[in-house]
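Report on the structure given below.
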Amino acid sequence: MPPHPAAPRRSDPRDQTSFTLPSSDAFEVMRRGVWIIALKELADAELADEVAQETIARLLDALAKQGAAIVDPAAFARGIARHVIADLRA
(Lines give C-alpha, C1' and ligand atoms only; values in the text may rest on other atoms or scores of the structure.)
Protein backbone atom coordinates (compact mmCIF):
# COMPACT_ATOMS: atom_id res chain seq x y z
CA MET A 1 0.00 0.00 0.00
CA PRO A 2 1.44 3.42 -0.93
CA PRO A 3 2.02 5.90 1.88
CA HIS A 4 -0.68 8.42 2.66
CA PRO A 5 -0.21 11.50 0.45
CA ALA A 6 -0.02 13.77 3.48
CA ALA A 7 2.64 11.65 5.21
CA PRO A 8 6.06 13.25 5.15
CA ARG A 9 8.63 11.42 3.08
CA ARG A 10 11.60 10.15 5.05
CA SER A 11 14.93 11.13 3.65
CA ASP A 12 17.16 8.28 2.67
CA PRO A 13 20.91 8.91 3.02
CA ARG A 14 21.45 6.86 -0.14
CA ASP A 15 19.50 9.50 -2.10
CA GLN A 16 22.38 11.95 -1.72
CA THR A 17 23.93 12.85 -5.02
CA SER A 18 27.21 14.05 -3.54
CA PHE A 19 29.39 11.81 -1.45
CA THR A 20 32.65 12.54 0.32
CA LEU A 21 35.05 9.96 1.65
CA PRO A 22 35.64 9.87 5.40
CA SER A 23 38.72 11.79 6.53
CA SER A 24 42.11 10.13 6.85
CA ASP A 25 41.69 10.38 10.64
CA ALA A 26 38.42 8.44 10.38
CA PHE A 27 40.16 5.77 8.32
CA GLU A 28 42.90 5.50 10.93
CA VAL A 29 40.31 5.07 13.68
CA MET A 30 38.57 2.37 11.62
CA ARG A 31 41.90 0.67 10.89
CA ARG A 32 42.78 0.64 14.57
CA GLY A 33 39.37 -0.77 15.50
CA VAL A 34 39.71 -3.51 12.88
CA TRP A 35 43.22 -4.27 14.14
CA ILE A 36 41.91 -4.73 17.69
CA ILE A 37 39.13 -7.05 16.49
CA ALA A 38 41.63 -9.09 14.46
CA LEU A 39 44.13 -9.26 17.32
CA LYS A 40 41.44 -10.56 19.68
CA GLU A 41 40.28 -13.15 17.15
CA LEU A 42 43.66 -14.30 15.84
CA ALA A 43 46.07 -13.57 18.74
CA ASP A 44 48.75 -12.54 16.24
CA ALA A 45 49.79 -8.91 15.72
CA GLU A 46 51.21 -9.49 12.23
CA LEU A 47 48.02 -11.19 11.05
CA ALA A 48 46.02 -8.38 12.64
CA ASP A 49 48.04 -5.88 10.57
CA GLU A 50 47.28 -7.86 7.41
CA VAL A 51 43.57 -7.99 8.27
CA ALA A 52 43.48 -4.24 8.90
CA GLN A 53 45.27 -3.48 5.64
CA GLU A 54 43.06 -5.79 3.57
CA THR A 55 39.92 -4.48 5.26
CA ILE A 56 40.70 -0.83 4.53
CA ALA A 57 41.62 -1.70 0.92
CA ARG A 58 38.29 -3.50 0.45
CA LEU A 59 36.44 -0.64 2.18
CA LEU A 60 38.00 1.93 -0.17
CA ASP A 61 37.03 -0.22 -3.14
CA ALA A 62 33.45 -0.55 -1.87
CA LEU A 63 33.20 3.19 -1.20
CA ALA A 64 34.42 3.93 -4.71
CA LYS A 65 31.79 1.62 -6.18
CA GLN A 66 28.84 2.18 -3.82
CA GLY A 67 29.53 5.60 -2.29
CA ALA A 68 26.61 6.97 -0.35
CA ALA A 69 24.89 3.57 -0.26
CA ILE A 70 27.26 2.71 2.61
CA VAL A 71 25.56 4.58 5.41
CA ASP A 72 28.01 3.60 8.18
CA PRO A 73 31.53 2.99 6.86
CA ALA A 74 32.83 1.91 10.28
CA ALA A 75 30.18 -0.80 10.63
CA PHE A 76 30.83 -1.83 7.03
CA ALA A 77 34.56 -2.10 7.82
CA ARG A 78 33.85 -4.33 10.82
CA GLY A 79 31.79 -6.61 8.60
CA ILE A 80 34.55 -6.79 6.03
CA ALA A 81 37.04 -7.59 8.80
CA ARG A 82 34.93 -10.52 9.96
CA HIS A 83 35.00 -11.92 6.42
CA VAL A 84 38.75 -11.40 6.07
CA ILE A 85 39.33 -13.15 9.42
CA ALA A 86 37.09 -16.04 8.36
CA ASP A 87 39.02 -16.32 5.08
CA LEU A 88 42.30 -16.56 7.02
CA ARG A 89 40.92 -19.34 9.19
CA ALA A 90 39.67 -21.36 6.22
F76 reachable from L60 in the ILVMFWY side-chain graph, under 4.5 Å edges: yes
Any chance you could lay out the side-chain contact (heavy atoms from CB on, under 4.5 Å) test for L42 and R89, step after step, and finish with the verdict? CA-CA 9 Å; L42 301 169; R89 288 182 171 165; 3.9 Å; yes
Under a 4.0 Å threshold between the charged nitrogen and the carboxylate oxygen, would E28 count as salt-bridged to R32? no
Rounded to the nearest 0.5 Å, what's the gap from OG1 on T55 to CD1 on I80? Could you check? 6.5 Å
Would a single hydrophobic cluster contain both F27 and W35, if residues Ile, Leu, Val, Met, Phe, Trp and Tyr are joined by side-chain heavy-atom contacts under 4.5 Å? no
Calculate, to the nearest 0.5 Å, the distance between atoms CD and CG belonging to E54 and D49 respectively. 13.5 Å
Please lay out, stage by stage, how I85 and I37 fare under the test side-chain contact (heavy atoms from CB on, under 4.5 Å). CA-CA 9 Å; I85 292 167; I37 291 168; 4.1 Å; yes
Residues forming a side chain to side chain donor-acceptor pair (under 3.5 Å) with K40, sequence neighbours excluded: none
Hydrophobic clustering (ILVMFWY, side-chain heavy atoms < 4.5 Å, transitive) - are L88 and I36 grouped together? no
R82: what forms a side chain to side chain donor-acceptor pair (under 3.5 Å) with it, not counting sequence neighbours? E41
For R58, is there an ion pair with D87 - N to carboxylate O distance below 4.0 angstrom? yes
Hydrophobic cluster membership, L63 vs V84, 4.5 Å side-chain cutoff: yes
Closest non-hydrogen contact found for A77 with L59 is CB-CD2, 4.0 Å
Please give me the minimum heavy-atom distance between L39 and A45, naming the atom from each residue. CD1-N, 3.7 Å
